[in-house]
Amino acid sequence: MIKAITGTRDILPSDIPKWNYLEKIVSEVFRNFNYKEIRTPVFEETSLFARGIGEATDIVSKEMYTFIDRGGTSVTLKPEMTAGVVRALIEHSLDKKQSVNKLYYVSPMFRQERPQAGRFRQFHQFGAEALGSHDPMLDSEMIIMAYDIINKLGLKNLTVKINSLGIPQSRENYKSVLKKFLEKHFNSLSPESKKRFDTNILRIFDSKEEQDQKIMADAPLLINYLDDESIQHFEKVKSYLSSAGINYDVDPKLVRGLDYYSHTTFEIVSGSVGSQSSLCGGGRYDMLAKELGGGDIPGVGFAAGIERILLACENENSLNLPEEKIDLYIVSLDKNLLVETFKLALELRRRGLTVETDYLSRSVKAKMREANKYNAKFVLMIGGDEFQKGELVLKNMSNGEQHSIGKNELENLVNKIKGL
RNA sequence: GUGACCAUAGCUCAGUUUGGUUAGAGCAUCUGGUUGUGGCCCAGAAGGUCAUGGGUUCAAGUCCCAUUGGUCACCCCA
């Protein structure tokens, strides 16, 4: 039997209602904040991600789905959306048509990691990017939108974590301070962290190794080495969040794995999922557009994992989805009336009702059982004496009452059901 | 990429410890419980090469090995 590729899943009809529900909330919230949807290709030239995300990052160095196409071009299935959105913005000069571009997306992403709870190789994110302004109001807006969406899905048990990485210069200054500090403890670091000492020293803060955490507890913090401008920016972000009534934890150790971040970084973490508890992450990336050959266009954005959010919703049982119902099930009482049944179903469907009927020539009892299984609001029976008199039998499935109606009363019936 | 655990019906699982007739249950599916009527209930049916391949044994769903797949965790991230 051929099965879905490791780390990919089918979203079956029974899963769709919760996806639709989430997507509806996502588009509503983004519309309220006046973000416009953008859709970029599923694959891009590999160099876009290598340059945009950073060669040294885990995503680029070991997680990308990269292949050579028949034209000899190295292409990669998108592992995240920001690089593609910024590429599209530059390519179509959106920044010149409008000074601030506020964009959102919902899209599959691809990373070749070992699957586990809340992690897949094809997964889905929604997210937003605001380009063209340094205003800390936008940093806050990102966190608030993400929080509002997650909140509207009924999730509790959330923590908003924020940090500032400052501007590149202050970060470089800090790195040399941190390097000096860690040199003294180098031999006590875990093997992984020894590697990170050279590749990405800030990430040692993320280590879960006890020996590393012990050392880092006393390490100098970036937040104490920020320049005045970065501090100002961070303070404004925090005050906007407070004014929005959002509780947050400043986590000086929140370093994220993408190279392009500067100033604000944030995450929303859930206590209701497994080990992969980060529902959403983002930050400011003022240097990225330039890095990709565009103008000096500052940006800030976030991405949220749909599978992870839905997993949290299931674990908290937070979604109150309405029962799936159909409007009408048509039961034919007479094998000779199949064409009439077909036409009746068609007419009612074209008038806007959700109508089902039997395709297996089953008994009336079996048809009624199926009508019940579909949660039909009404059953319309066609055949017998009533049909001879030009009438149909209408049964209300919630109270069991039934009566005859004339064929010319269908318009009333449609309006009545639509009005329910 | 590393590690641990798991694999019996469409789904959830008994049965494996202590090997022994035709491998069970619940749910789901289908049919029926008198002419043309659902839910609840009742009766019945269908559905399994016990993941695959090898080994031990008189005998393997059960013990051993390998392979494949899955789950969870690490790394890292949504």
Side-chain angles (χ1 to χ4, degrees), chain A residues 1-7 9 12 14 53 56-64 78-82 106-127 146 150 190-193 195-196 199-200 203 206-209 212 254-258 266-270 273-282 301-312 329 331-335 337 360 362-387 392-402:
Chain A
M1 181 173 53
I2 297 177
K3 303 208 284 185
I5 298 279
T6 298
R9 351 198 69 180
L12 297 172
S14 55
I53 302 170
T57 59
D58 281 19
I59 291 178
V60 172
S61 63
K62 56 182 199 190
E63 294 170 5
M64 294 204 302
K78 58 186 173 189
E80 58 105 54
M81 193 72 175
T82 305
V106 180
S107 172
M109 305 293 164
F110 306 85
R111 291 181 203 173
Q112 188 161 6
E113 299 180 87
R114 201 67 171 262
Q116 69 187 75
R119 168 184 289 164
F120 307 96
R121 290 185 172 181
Q122 174 175 343
F123 59 102
H124 298 77
Q125 292 184 330
F126 65 84
I150 292 169
S190 68
E192 270 305 311
S193 289
K195 270 188 242 162
R196 283 187 284 225
T199 55
N200 192 345
R203 295 216 58 95
D206 280 346
S207 174
K208 287 171 190 167
E209 299 288 335
D212 294 337
L254 179 67
V255 177
R256 298 182 48 75
L258 295 85
F266 68 92
E267 250 177 48
I268 299 177
V269 176
S270 166
V273 293
S275 169
Q276 304 306 317
S277 58
S278 174
L279 301 186
C280 144
F302 80 93
I306 296 179
E307 284 85 353
R308 262 177 215 183
I309 290 172
L310 291 178
L311 179 62
Y329 189 98
V331 171
S332 169
L333 304 173
D334 183 342
K335 286 189 176 72
L337 292 177
L360 295 171
R362 289 184 289 196
S363 67
V364 170
K365 186 193 200 79
K367 288 170 183 167
M368 290 301 293
R369 279 180 172 161
E370 187 169 66
N372 192 62
K373 200 176 70 185
Y374 280 129
N375 265 317
K377 295 174 195 163
F378 293 91
V379 163
L380 199 53
M381 282 171 259
I382 174 170
D385 298 343
E386 292 89 346
F387 185 72
L392 301 160
V393 178
L394 179 70
K395 177 162 186 169
N396 182 328
M397 293 296 276
S398 58
N399 59 19
E401 288 171 11
Q402 70 179 54

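The chains referred to below are lettered A, B, ... by the order of the sequence lines, with proteins before strands, and numbering in each begins at 1.
- In this structure, the side chains of A/Q402 and A/M381 come closer than 4.5 Å at one or more pairs of heavy atoms.
- The separation of B/rU57 from B/rU62, taken at their C1' atoms, amounts to 13 Å, rounded to a whole angstrom.
- Taking the side-chain hydrogen bond (donor to acceptor under 3.5 Å, both in side chains) definition, one finds that A/S398 meets it with A/N396, sequence neighbours left out.
- As rounded to whole Å, 10 Å separates atom P of B/rG10 from atom CE of A/M1.
- Taking the P atom of each, B/rC27 and B/rC41 are spaced 8 Å apart, rounded to whole Å.
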Show which side-chain atoms of residues 302-312 of chain A pair as donor or acceptor with protein atoms under 3.5 Å away, not counting sequence neighbours.
{"unit_1": "A/E307", "atom_1": "OE1", "unit_2": "A/H124", "atom_2": "N", "d": "2.9"}
{"unit_1": "A/E307", "atom_1": "OE2", "unit_2": "A/H124", "atom_2": "N", "d": "3.4"}
{"unit_1": "A/E307", "atom_1": "OE2", "unit_2": "A/H124", "atom_2": "ND1", "d": "2.7"}
{"unit_1": "A/R308", "atom_1": "NE", "unit_2": "A/G118", "atom_2": "O", "d": "2.6"}
{"unit_1": "A/R308", "atom_1": "NH1", "unit_2": "A/S278", "atom_2": "O", "d": "3.0"}
{"unit_1": "A/R308", "atom_1": "NH2", "unit_2": "A/G118", "atom_2": "O", "d": "3.2"}

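- No contact: A/G127 has no heavy atom under 4.0 Å from any strand.
- B/rG61 and B/rA14: their C1' atoms are spaced 12 Å apart (whole Å).
- Residue A/A303 is classed as a sugar-phosphate contact, given heavy-atom separations below 4.0 Å to backbone atoms only.
- For A/A376, the side chain to side chain contact (heavy atoms under 4.5 Å, CB included) test picks out A/I326, A/Y329, A/A371, with sequence neighbours left out.
- Base-pair partner of B/rU34: not found among the strands shown (Watson-Crick or G-U wobble, both distances under 3.5 Å).
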* A/F387/A/D334 under side chain to side chain contact (heavy atoms under 4.5 Å, CB included): CA gap, chis, key distance, verdict -> CA-CA 10 Å; A/F387 185 72; A/D334 183 342; over 6 Å; no

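- The gap from the P atom of B/rG24 to that of B/rU67 amounts to 34 Å, rounded to the nearest Å.
- Of all heavy-atom pairs spanning A/L337 and A/G383, the tightest one is CD1-CA, 3.5 Å.
- Taking both residues in full, the closest heavy atoms of A/F266 and A/C280 are given as CE1-SG, 3.9 Å, listed atom of the first, atom of the second, then distance.
- Within the structure, the salt bridge (charged side-chain N to carboxylate O under 4.0 Å, His left out) test picks out the following pairs touching residues 109-125 of chain A (sequence neighbours left out): A/E113-A/R119.
- Checking B/rC74 for Watson-Crick or G-U wobble geometry (two distances, each under 3.5 Å) identifies B/rG1 as its partner.
- Side-chain N/O atoms of A/S275 include one lying less than 4.0 angstrom from OP1 or OP2 on B/rC74.
- The same atom, C1', is picked in B/rU21 and in B/rA59; the two are 11 Å apart, to the nearest Å.
- Atom CG of A/L360 sits in a crowded spot, with more than 12 heavy atoms from other residues, nucleotides or ligands closer than 6.0 Å.
- Annotation: B/rG38 and B/rU22 have their C1' atoms spaced 38 Å apart (nearest Å).
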Listed pairs, N/O of protein and of nucleotides 1-6 of chain B, under 3.5 Å:
{"unit_1": "B/rU2", "atom_1": "O4", "unit_2": "A/R114", "atom_2": "NH1", "d": "2.8"}

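- Within the structure, salt bridge (charged side-chain N to carboxylate O under 4.0 Å, His left out) contacts touching residues 367-382 of chain A (residues at least two apart or in different chains) are A/D327-A/K377, A/R362-A/E370.
- Every residue was checked against the side-chain hydrogen bond (donor to acceptor under 3.5 Å, both in side chains) condition with A/S277, not counting sequence neighbours, and none meets it.
- Rounded to whole Å, atom C1' of B/rC75 lies 15 Å from atom CD of A/Q112.
- In this entry B/rC40 has no Watson-Crick or G-U wobble partner, no candidate having both defining distances under 3.5 Å.
- Put simply, the side chain of A/S275 reaches to within 4.5 Å of the side chain of A/Q116, judged on heavy atoms.
- Under the Watson-Crick or G-U wobble criterion, with both distances below 3.5 Å, B/rA45 is paired with B/rU29.
- Residue A/G7 is the one, among A/F120 and A/G7, whose nearest nucleotide of RNA chain B lies closer to the 5' end (criterion: closest heavy atom).
- B/rA78 atom C1' lies 9 Å from atom CE of A/M109, rounded to whole Å.
- One interatomic measurement links the two molecules: CZ of A/F110 to C1' of B/rA78, which rounds to 14 Å at whole-angstrom precision.
- Only the C1' atoms considered, B/rU8 is 9 Å distant from B/rG15, to the nearest whole Å.
- For A/N372, there are no side-chain hydrogen bond (donor to acceptor under 3.5 Å, both in side chains) partners at least two apart in sequence or on another chain.
- Atom name P, nucleotides B/rG39 and B/rA28: the rounded distance is 12 Å, in whole Å.
- For A/Q116, the side-chain atoms get nearest to B/rC74 when compared with the rest of B/rG69, B/rC74, B/rA78.
- With both pairing distances under 3.5 Å, B/rU67 is matched to B/rA51 as a Watson-Crick or G-U wobble pair.
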Each nucleotide of nucleotides 32-45 of chain B classed B (base within 4.0 Å of a protein heavy atom), S (only sugar-phosphate) or -, in 5' to 3' order, makes BB--BBBB-B----

Contact string for nucleotides 46-51 of chain B, one letter per nucleotide 5' to 3', B = base within protein heavy-atom range under 4.0 Å, S = sugar-phosphate only, - = neither, reads ------

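- Residue-level contact check: A/K3 touches the backbone only, with heavy atoms under 4.0 Å from sugar-phosphate atoms and none from bases.
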